[in-house]
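Structure, as structure tokens:
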Amino acid sequence: MRNIPVDTSALAFTVAGEPEPKIVDRATGEVKRDAEGRELYTIPLLPKPNDDRRNPVIVVTFPSETFPKIPEGVQVVPVGLAAFYWQMNGRSGLGFRAETIRLAHAKAA
């Protein structure tokens, strides 16, 4: 699967919902892990500007050592954001992953 880097320099991202663990098995509640053993989480982000009014929110997967406490409504920076195409069980789509999600800092005037 090929990752396509996303240029975020002209975008701002607002958290559109709470982070959630990426579940492998709903029966056991097992959380999916990356190659380094870190748990994977998803977070809905609203990129601006965004010209796709039908589906403005993207869901980004990212690893974290602990459960991320990122409140809804704050601005964040998805570090190392990449897009990828996936296909499974007759379904397909575009997914997003990041190396980490960092809170954006207000710039001094």
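Excluded from the calculations below are hydrogen atoms, water molecules and symmetry mates; all remaining heavy atoms, backbone and side chain alike, are included.
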Looking at [X] and [Y], what are the two nearest heavy atoms and their distance?
| X | Y | result |
| --- | --- | --- |
| P49 | A10 | CD-O, 3.6 Å |
| R97 | N3 | NH1-OD1, 2.9 Å |
| A12 | Q75 | CB-NE2, 3.2 Å |
| W86 | L94 | NE1-N, 3.8 Å |
| P44 | E18 | CD-O, 3.9 Å |
| V6 | A83 | CG2-N, 3.8 Å |

Any side-chain heavy atom of [X] sitting closer than 4.5 Å to one from [Y]?
| X | Y | value |
| --- | --- | --- |
| E39 | F67 | no |
| F96 | P78 | no |
| L45 | V15 | yes |
| V79 | F62 | no |

_Value rounded to 0.5 Å, distance of CG in L11 from OG1 in T14_ =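 Going from the CG atom of L11 to the OG1 atom of T14 covers 11.0 Å.
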*CD of E99 to CG of D34: how many Å apart, nearest 0.5 Å?*
11.5 Å
*Taking P19 as the fixed residue, which of T42, I101, I43 is the one that meets the side-chain contact (heavy atoms from CB on, under 4.5 Å) rule?*
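Single pass found, and it is I43.
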_V60-I23 co-clustered via ILVMFWY side chain contacts under 4.5 Å_ = no
_Do L103 and Y41 sit in one hydrophobic cluster, given that two such residues count as connected whenever their side-chain heavy atoms are within less than 4.5 Å of each other, even indirectly?_
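The answer is yes; both residues are in one hydrophobic cluster.
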